[in-house]
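Notes follow the structure.
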Amino acid sequence: MNRIQKTFDRCGKEGKAAYVAYLTMGAPTLEKSFAAAETVVAEGADILELGVPFSDPVADGAVIRQAANVALKNGVTLADVLSGVPGLRKRHPETPIVIFTYYNVIFSYGLKRFAEEAAGRGVDAVLVVDLPLEERKELLDVLRPVGLTFVPLIAPTTGPERVRASAAGLEDSFLYVVTVKGTTGQRATLPPELAERLRTVKSLVDIPVVAGFGIRTPEEGAQIARDCNGFVIGSALVERFYGYD
């Protein structure tokens with residue numbers, strides 16, 4: 001089993017949901033964003049998602065967009081994010097690390113170069129927000145030979161067959177279920193049909209199902225995850241650490 005599988009296995013045995021923590025790397029500085037990563041792991045995060053700043057983050061709400069803009073003004077690149085991974089890996093040998101990005105970032109860097117460097121530094125998986133199911137093969141073809149996996153993202157409107165197809169061949173990963181229509185960001189309330197949606201998706205696939213977008217606290221996440229295997233907190237953490245000293 002890889003680190004992702006071991007983490008969900010452990011969380012299942014402990015009777016708890018896996019807590020996935022997202023941070024935009026490079027805001028307010030690269031050093032402080034890595035310090036924030038250390039903090040969230042110390043506070044109980046089971047999986048880290050390291051967000052690479054991008055100039056057109058179409059899936060992200062105001063908080064993450066602002067953080068990405070700051071990171072870009074700081075000159076933070078994919079290479080900079082990857083350079084900090086070995087330190088995290090050394091200090092947290094069992095914590096899965098996911099690179100969260102947009103496809104143009106990886107494509108411009110070079111698919112093979114990215115895969116080899118990410119694997120060599122201790123990354124476990126890649127989540128590409130804007131890479132559709134039909135076009136992910138060329139990325140998987142370079143990730144798989146170096147031991148990396150891919151985290152598929154599905155929308156609230158994704159139908160059963162596409163859900164199954166999205167999870168196919170990714171038994172060593174997890175399925176990221178977007179909880180709301182629109183962009184990332186904290187919500188006062190989440191859709192009343194979310195629980196049923198999560199249960200339905202979970203019944204369709206054989207990999208862990210994680211809910212993300214709009215979740216504010218670990219307590220709220222744990223409540224939502226009664227119907228799946230884990231939850232993601234992103235904007236709330238980015239906002240919290242934006243002025244991190």
Side-chain angles (χ1 to χ4, degrees), residues 19-37 39-40 45 47-85 97-109 114 118 123 125-132 135 139 150-158 176-191 194 210-218 220-221 224 231-245:
Y19 167 22
V20 183
Y22 167 91
L23 294 164
T24 301
M25 306 311 292
T29 67
L30 187 63
E31 294 76 15
K32 289 180 179 179
S33 61
F34 274 107
T39 299
V40 296
I47 297 173
L48 282 173
E49 285 184 349
L50 307 184
V52 180
F54 181 53
S55 57
D56 188 23
V58 294
D60 294 310
V63 170
I64 293 178
R65 279 179 174 269
Q66 183 181 16
N69 286 335
V70 169
L72 290 171
K73 287 179 181 177
N74 289 338
V76 173
T77 65
L78 173 57
D80 295 321
V81 177
L82 291 176
S83 71
V85 172
I97 297 173
V98 179
I99 294 293
F100 187 112
T101 189
Y102 289 79
Y103 195 57
N104 188 60
V105 175
I106 297 175
F107 187 81
S108 299
Y109 197 76
F114 165 73
V123 171
V126 183
L127 192 161
V128 183
V129 179
D130 57 347
L131 186 62
E135 298 176 20
L139 180 58
F150 180 82
V151 178
L153 191 75
I154 65 164
T157 54
T158 303
Y176 188 128
V177 178
V178 176
T179 60
V180 294
K181 296 177 182 178
T183 59
T184 60
Q186 302 175 67
R187 277 18 181 225
T189 60
L190 289 168
L194 177 59
V210 172
F213 282 40
I215 299 170
R216 297 168 294 181
T217 66
E220 183 179 78
I224 292 167
F231 60 92
V232 182
I233 298 180
S235 294
L237 290 176
V238 174
E239 187 173 47
R240 171 187 167 191
F241 290 108
Y242 186 78
Y244 186 80
D245 289 316

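In this chain, numbering begins with 1 at the start of the sequence shown. Note that the coordinates shown come from a computational prediction; the quantities given were computed from them, not determined experimentally.
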Once you round to the nearest 0.5 Å, how far does CZ of R65 lie from OG1 of T24?
11.5 Å
Without swapping roles, check the side chain of N74 against the backbone of A27 for a donor-acceptor pair under 3.5 Å.
no
Least distance between heavy atoms, E239 atom then V63 atom:
N-CG1, 3.8 Å
Does S33 reach the side chain of L23, with side-chain heavy atoms less than 4.5 Å apart?
no
Tell me yes or no: between the side chains of D80 and S83, is some donor less than 3.5 Å from an acceptor?
no
Which value, rounded to the nearest 0.5 Å, describes the distance between R240 atom CZ and S235 atom OG?
14.5 Å
CZ (F34) and OG1 (T29) are apart, to the nearest 0.5 Å, by 10.5 Å
At their closest point, which heavy atom of I97 faces which heavy atom of V123, and how far apart are they?
O-CG1, 3.6 Å
Minimum-distance pair of heavy atoms, taken over all atoms of V232 and E49
CG1-OE1, 3.9 Å
Closest approach of Y109 to A79 (non-hydrogen atoms, all atoms of both residues)
OH-CB, 3.7 Å
Please name the pair of heavy atoms, one in L237 and one in Y19, separated by the smallest distance, quoted to 0.1 Å.
CD1-OH, 3.6 Å
Can you say whether the rings of Y176 and F213 are parallel (under 30°), tilted (30 to 60°) or perpendicular (over 60°)?
perpendicular
In terms of relative ring orientation, are Y22 and F100 parallel, tilted or perpendicular, with 30° and 60° separating the classes?
perpendicular
Test side chain to side chain contact (heavy atoms under 4.5 Å, CB included) on F231 and I224; report intermediate values, then the result.
CA-CA 8 Å; F231 60 92; I224 292 167; 5.6 Å; no
G212 backbone acceptor or donor facing T179 side chain under 3.5 Å:
yes
Specify the closest pair of heavy atoms between R216 and A236, including all atoms of both residues, with the distance to one decimal.
O-CB, 3.4 Å
Apply side chain to side chain contact (heavy atoms under 4.5 Å, CB included) to I106 and V126, showing your working.
CA-CA 10 Å; I106 297 175; V126 183; 3.8 Å; yes
Return the CG to CD1 distance between L50 and I99, rounded to the nearest 0.5 Å.
5.0 Å
Say you draw a straight line from CG of D130 to OH of Y102; how long is it, rounded to the nearest 0.5 Å?
7.0 Å
Which distance, rounded to the nearest 0.5 Å, do you find between the CZ of F54 and the CG of N69?
12.0 Å
